[in-house]
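For reference, the structure is listed below as structure tokens.
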Amino acid sequence: MSRLSIVLPAYNEELMVGKTCKVLKEELEKAGIAYELVLVDDGSKDHTWEEIKKAGFKDANVVGIHFSRNFGKEAAICAGLAQAEGDVVAVMDCDLQHPPETLLQMYALWQKGYEVIEGVKLSRGKESVLHKECAGFFYGIMSKATGIDMKNASDFKMMDRKVVDSILSMPERNMFFRAESAWVGYKTTTVGFYVQEREAGESKWSTWSLIKYAFTNIVAFTTVPLQFVTIAGAACFLCSLVLLIYSLVQFFGGRAVEGYTTTLIVLLMIGSAVMLSLGIIGYYIAKIYEEVKKRPRYIVSKILRGTGEQQQ
Ligand code: UDP
Ligand code: MG
């Protein structure tokens, strides 16, 4: 019989871990699905690890991974995928904002032969207007880069073992799970779901941290900003060409071109365009630097599987 692994990244989720495990256990047992819950404690500062251990005592299907510090959700997902042993693996948030009923729908689709089942948000939950606009802009760029419609994409998805192995074979340190699962290809379908309200605890994302996250992922996944630099450079060059022709015409017409201010403005504009471009290029170089260092994506300090906790 096939087994479903569910990867649950958890950062400061002491209020949710027990509840989430209980709800998932009930739903999956009711549906008669063999399962494994892989909870990744992403260096929480509260009692998340103690809660994971408690859940492990109650249910032998719980696997716990404890990071030495906070490495971020992407790293937590990656560690969970590496530990998951199931024939099919799902990734969902540990706060029940991704409905367990949708998980069952995804499982049914996997049984029908689909290899990647993407959860697509039908509603976005409580978000500010700025947040929504930024998300729209970000996914626009990412969709262009991956060639796949990523609007309303989420980390909630189910993947066949083959797909998980393909994702794990990607060596880059800066991974963006949402785009990678689309990039690998395979027979894909989508399931719509309504983002539920968070019952307890709080969201870990501020608008600023999301903007930083978006920029990192754009750079990690696309060269769009570099194309932007090239286009901006070409536009500046065209403008200066027009200005040059205009000045020459004026000159041969017997009028000397005046314009101390124009000269200054043009100089300033070009100067700032060069600085901006250098900044963008520098950012890519910084990312290359991070990649060549080949540091691990995360450090696991403890693992809980079956009989008890093991130190790494
Ligand atoms: N998360 C994580 N590491 C982090 C931040 C978040 O593992 O550094 C987990 C978090 O515990 C939750 C999921 O990622 O299970 C989604 O986070 P959150 O609910 O804060 O995001 P939102 O639903 O508000 O987008
Ligand atoms: Mg959430």
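In this chain, residues are counted from 1 in sequence order. For the numbers below, each heavy atom of this structure counts, side chains included, while hydrogens, waters and symmetry mates do not.
I77 pairs in a side chain to side chain contact (heavy atoms under 4.5 Å, CB included) with only one of the listed residues (L8, D155, V40), which is D155. The side chain to side chain contact (heavy atoms under 4.5 Å, CB included) with M159 is formed by just one residue from the set I117, T188, V184, L81; it is L81. The side-chain hydrogen bond (donor to acceptor under 3.5 Å, both in side chains) test with H47 is passed by exactly one of E14, K53, E13: E14.
Hydrophobic clustering (side-chain heavy atoms under 4.5 Å, transitive across Ile, Leu, Val, Met, Phe, Trp, Tyr) groups L104 together with W110. L226 and I285 fall within the same hydrophobic cluster, where Ile, Leu, Val, Met, Phe, Trp and Tyr residues are linked whenever their side-chain heavy atoms come under 4.5 Å apart, directly or through other members. Cluster annotation: V300 and V38 are assigned to the same hydrophobic cluster (Ile/Leu/Val/Met/Phe/Trp/Tyr, side-chain heavy-atom contacts under 4.5 Å, transitive). Cluster membership check: I33 shares its hydrophobic cluster with Y114, using side-chain heavy-atom separations under 4.5 Å among Ile, Leu, Val, Met, Phe, Trp and Tyr. By the rule that hydrophobic residues join a cluster once side-chain heavy atoms approach within less than 4.5 Å of another member, L168 and V91 end up as members of one cluster.
Annotation: K22, atom NZ; neighbour count of heavy atoms from other residues, nucleotides and ligands within 6.0 Å does not exceed 12. No more than 12 heavy atoms of other residues, nucleotides or ligands sit less than 6.0 Å from atom CZ of F228. The environment of NZ in K112 is sparse: at most 12 heavy-atom neighbours from other residues, nucleotides or ligands sit within 6.0 Å.
Smallest separation of non-hydrogen atoms from A55 and V62: O-CG2, 3.8 Å. Here the shortest heavy-atom pairing between D87 and R3 reads OD2-N, 2.7 Å. Heavy-atom minimum distance, K121 versus S154: CE-CB, 3.8 Å. Shown here for S2 and Y107, the closest heavy-atom pair between the two residues is OG-OH, 3.5 Å. The heavy-atom pair separating G18 from E51 by the smallest distance is N-OE1, 4.5 Å.
Rounding to the nearest 0.5 angstrom, the gap separating the CD1 atom in I65 from the OG atom in S301 is 10.5 Å. Atom CD1 of residue I52 and atom NZ of residue K54 lie 12.0 Å apart, to the nearest 0.5 angstrom. The structure places CG of D46 at 7.5 Å from CG of D41, a figure rounded to the nearest 0.5 Å. Here the straight-line distance linking atom CG of L24 with atom NZ of K19 works out to 11.0 Å at 0.5 Å rounding. Rounded to the nearest 0.5 angstrom, F237 CZ and L244 CG are separated by 9.0 Å. Annotation: the span from L109 atom CG to E118 atom CD amounts to 12.0 Å, rounded to 0.5 Å.
The main-chain N or O of F177 is found under 3.5 Å from a side-chain atom of E74 such that the two form a donor-acceptor pair. A distance-only check finds a donor-acceptor pair linking the side chain of T20 to the backbone of C94 [under 3.5 Å]. Listed for the N70 side chain is a donor-acceptor partner under 3.5 Å among the backbone atoms of D42. The backbone N or O of Y194 lies less than 3.5 Å from a partner atom in the side chain of Q196, making a donor-acceptor pair. Formation of a donor-acceptor pair under 3.5 Å by the Q97 side chain with backbone atoms of V195 is not found in this model.
By the 4.5 Å heavy-atom criterion applied to side chains, D160 and Y186 are not counted as neighbours. Looking at heavy atoms from C-beta onward, L39 lies out of side-chain contact with T48 at the 4.5 angstrom threshold. Taking 4.5 Å as the limit, some side-chain heavy atom of I6 sits within range of a side-chain heavy atom of L28. The shortest distance between side-chain heavy atoms of L103 and E27 does not fall below 4.5 Å. Taking 4.5 Å as the limit, some side-chain heavy atom of Y35 sits within range of a side-chain heavy atom of K25. Side chains of Q83 and R305 form a contact here, defined as non-hydrogen atoms less than 4.5 Å apart. Counting heavy atoms from C-beta outward, L37 and N61 have side chains that stay 4.5 Å or more apart. With contacts defined as side-chain heavy-atom distances shorter than 4.5 Å, the pair Y283/P225 does not qualify.
Taking the six-membered ring for Trp and thresholds of 30 and 60 degrees, F67 and F71 have ring planes more than 60 degrees apart, a perpendicular arrangement. Ring geometry for H98 against F156 counts as parallel: the plane angle stays under 30°, on a 0 to 90° scale with 60° as the upper cut.
Salt-bridge formation is detected for the pair K73/D93: a Lys NZ or Arg NE/NH1/NH2 atom is positioned less than 4.0 Å from an Asp or Glu carboxylate oxygen. K287 has no carboxylate O lying under 4.0 Å from a charged side-chain N of E291, or vice versa, which leaves the two without a salt bridge.
E36 and S5 form a side-chain donor-acceptor contact under 3.5 Å, judged by distance and modelled atom types alone.
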Next item on the list: Could you give me the CA-CA distance, side-chain angles and deciding distance for S181 and V163, then say whether side-chain contact (heavy atoms from CB on, under 4.5 Å) is met?
Entry: CA-CA 8 Å; S181 68; V163 183; 5.5 Å; no

